[in-house]
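Before any comments, here is the structure.
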2 protein chains.
Amino acid sequence: MNIRDIAAKAGYGVGTVSRVINDQPNVSEQARARILTVMEECGYEPNSNARYLKMQSQTPVAAFVMGVGNRLFGDILGPLQTTLAEANEDLVVTYLDDDADEVRAAIAYQNARHPKGMLFLGGEPRYFAEAFHEIEVPSVLVTGSAADLGFERLSSVTIDNEAAARCLCEHLLEHGHRRIGIIGGSKTGNQTSTLRLAGAVAAIRARGISFDIARDYEPCDFHEAGGYEAAQRLLDRNGDLTAIFALGDVIAFGALRAIVDRGLRVPRDISLAGFDDTSFSQYAVPRITTIRQNAEQLGRAAARILLANMHDGAPAAHEVGPFELIERESVRAL
Amino acid sequence: MNIRDIAAKAGYGVGTVSRVINDQPNVSEQARARILTVMEECGYEPNSNARYLKMQSQTPVAAFVMGVGNRLFGDILGPLQTTLAEANEDLVVTYLDDDADEVRAAIAYQNARHPKGMLFLGGEPRYFAEAFHEIEVPSVLVTGSAADLGFERLSSVTIDNEAAARCLCEHLLEHGHRRIGIIGGSKTGNQTSTLRLAGAVAAIRARGISFDIARDYEPCDFHEAGGYEAAQRLLDRNGDLTAIFALGDVIAFGALRAIVDRGLRVPRDISLAGFDDTSFSQYAVPRITTIRQNAEQLGRAAARILLANMHDGAPAAHEVGPFELIERESVRAL
DNA sequence: CCACTATTTGGAAACGATTCCAAAATTGTC
DNA sequence: GACAATTTTGGAATCGTTTCCAAATAGTGG
């Protein structure tokens, strides 16, 4: 069942049918109606391979999501996909571990199919920096800043992680905390976490309080186990901490468990804060103070920027969305 | 840069180049080496649209994941993708809400691209039952049973949810619980949850204990908020429950919060059990007793079955994997 | 060295769409 | 009613592969 069959059945030429399929002008109402009817009757779907072949290869927009565990990405993807769909653009999502080799392979694979655009959610920009050189289509880094990466076709959508972390730390400081520990951000370094750490440290030092990275900070991977172990190590080193700031809710969740396992209570013995406002922080016992990113806004902004890049040839843009401090029960005033 | 350019540059015909690309026999070592060199030099990648068009359209295997929040699926997808990759099959994943319309649209979209095979993770089989009629490629339902659905090309990989729920309930009963409440399974019914519910109820009634669905069971959506509300309603109705069995860890997590909000403690005042052994249950305070599915085994089995269906034309298979009761702190003996 | 088979090669046809240009039909004007 | 301008239509050429068949080449045994 191809376009020629439809044309024959409808009593028109393939050109006319093609024009109907693509909503192009110069087709009589009569022809359009008749052809649509026949297409409907036959359950005809244009062959996308033939189509993309002729149209100089245009597979849909490809999205890469690094870190399946992070629920924030699910919340971003929904509105993103919706916005894209409104512009009739399809989205193919690939979920990956944030591992250099895996990321490279996945990008190479999708790149070979010449998508119209690409989206990167999470993940360490360094891992795919070299892959970017091979990408010739507009791309958006979501949840990471690309402004200083210097790739011409790479836009970005993110919040000001540094400011958000500063804001959260100031909240801790205002509640009287002076000995604050920080956990999160992989040992190999990670852009987002690095920014959050910088913001937090800046806020603390701005009050004239000393913060010794080697002593008061503990890196860890982005999952519960990482947070658990990091909190253990940090508390082993520092018996006098009154608050721990985890650079992600998932990490905070692991840390919470570690704190409890030491026989301490949150927030009575120690205060705890996270980042991202996932369901973890909302439902944990106690509920965890955190920073909320507007996932819907981020998702829509990413789609909007990508569409502008793709259709109108707009230059790369770098959008910085708002954040919000969510005060819950896990932080107490001293 | 197309196959003809390569052929010309290498001094061979397009047929020979095509044979090299597809690792086919009847090519001299000399020709193969020369052509590979030229391809390498030019950074040539065969156009996949042209390729799939000619090969009667064969896009990669398509996977649909219903329920982004469920971390179990992430754990299944990893080994699944690995096994597929070993057979040189690529995987395109689509994440969806478990909503009838959305699921239908996504399946239709992927189906039009004629994938080699399809995978369904989670989701309510009823939602895509009608879509199945249009699917002409082998498919595997992961985490759901298709044995009784009667689709010829639909295999399935799952655990015996009924037996697992029975096992967990027996565990509760052995610990002296007699008034057990159950939450989970959407109001509109859901295959997996229905089986779990059936197993649980059977175990309870087998002991001669009455279980009144209308009183002792409360349906809810598969997320924390659902578990929270369901637990509230259930406890409002039944002040005498000594244990709650949530048909999913996520639900258990919400329920835990609800219990605490009523001023009760787990497991002192009430015991709690979940299902799936996600990180929630592992790190929650208290740690939650649950059923573990072997995600790696399920993922690999799904890939193996699909590959057999695709390559060897094997008939649909229905594999039932093992489960394991994980005893933690949330259940106490009365 | 020939006849015959097996291997290697070249290239036309096909896959199913889009795109263009020319032809046909319609509309408008005087 | 004739002619120009415009809209609508048909269909060949094209995109970059694979697949087939025929042709060329290499290999073998007598």
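Chain letters run A, B, ... following the sequence lines, proteins first, then strands; residues in each count from 1.
- Applying a 4.0 Å cut-off to non-hydrogen atoms, the residues of residues 25-38 of chain A that approach DNA chain D are A:N26, A:V27, A:S28, A:A31, listed by residue number.
- If you find the closest nucleotide of DNA chain D to A:R4 and to A:Y12, the one lying nearer the 5' end belongs to A:Y12.
- Along DNA chain C, the stretch of nucleotides lying under 4.0 Å from any heavy atom of chain A spans, 5' to 3', C:dG16 to C:dC20.
- In this structure the side chain of A:N26 never reaches within 4.5 angstrom of the side chain of A:Q24, judged on heavy atoms.
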TODO: Could you walk me through whether A:R304 and A:N309 pass the side chain to side chain donor-acceptor pair (under 3.5 Å) test, one step at a time?
DONE: CA-CA 9 Å; A:R304 188 167 28 77; A:N309 288 172; over 6 Å; no
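- Rounded to whole angstrom, the span from the CG atom of B:N22 across to the C1' atom of D:dG16 amounts to 13 Å.
- At distances below 3.5 Å, not a single donor-acceptor pair connects side-chain atoms of A:R51 with backbone N or O atoms of A:P46.
- Remark: P of D:dC15 and CG of A:N47 are 18 Å apart, rounded to the nearest angstrom.
- Proximity of B:I3 to B:S18: side-chain heavy atoms (C-beta onward) are separated by under 4.5 Å at one or more points.
- Taking atom OH of A:Y52 as the reference point, atom P of D:dG16 lies 17 Å away to the nearest angstrom.
- Closest non-hydrogen pair, A:A146 versus A:L141, comes out as CB-CD2, 3.9 Å.
- Whole-Å rounding puts the B:N49 CG to D:dT18 P distance at 13 Å.
- You'll find the side chain of A:I35 stays beyond 4.5 Å of the side chain of A:V38, heavy atoms only.
- Between the CG atom of B:N2 and the C1' atom of D:dT14 there is a distance of 12 Å, rounded to whole Å.
- Whole-Å rounding puts the A:M55 CE to D:dA13 P distance at 23 Å.
- For the pair B:V137/B:M118, a side-chain contact is recorded, criterion being any heavy-atom separation below 4.5 Å from C-beta on.
- Taking atom CZ on A:R19 and atom P on D:dT9, their separation rounds to 8 Å, with Å as the unit.
- Here the P atom of nucleotide D:dT17 and the CG atom of B:L53 are 12 Å apart, to the nearest Å.
- At distances below 3.5 Å, at least one donor-acceptor pair connects side-chain atoms of A:T83 with backbone N or O atoms of A:P79.
- Nearest heavy-atom pair, B:Q293 versus B:L298, reported as atom, atom and distance to 0.1 Å: OE1-CD1, 3.4 Å.
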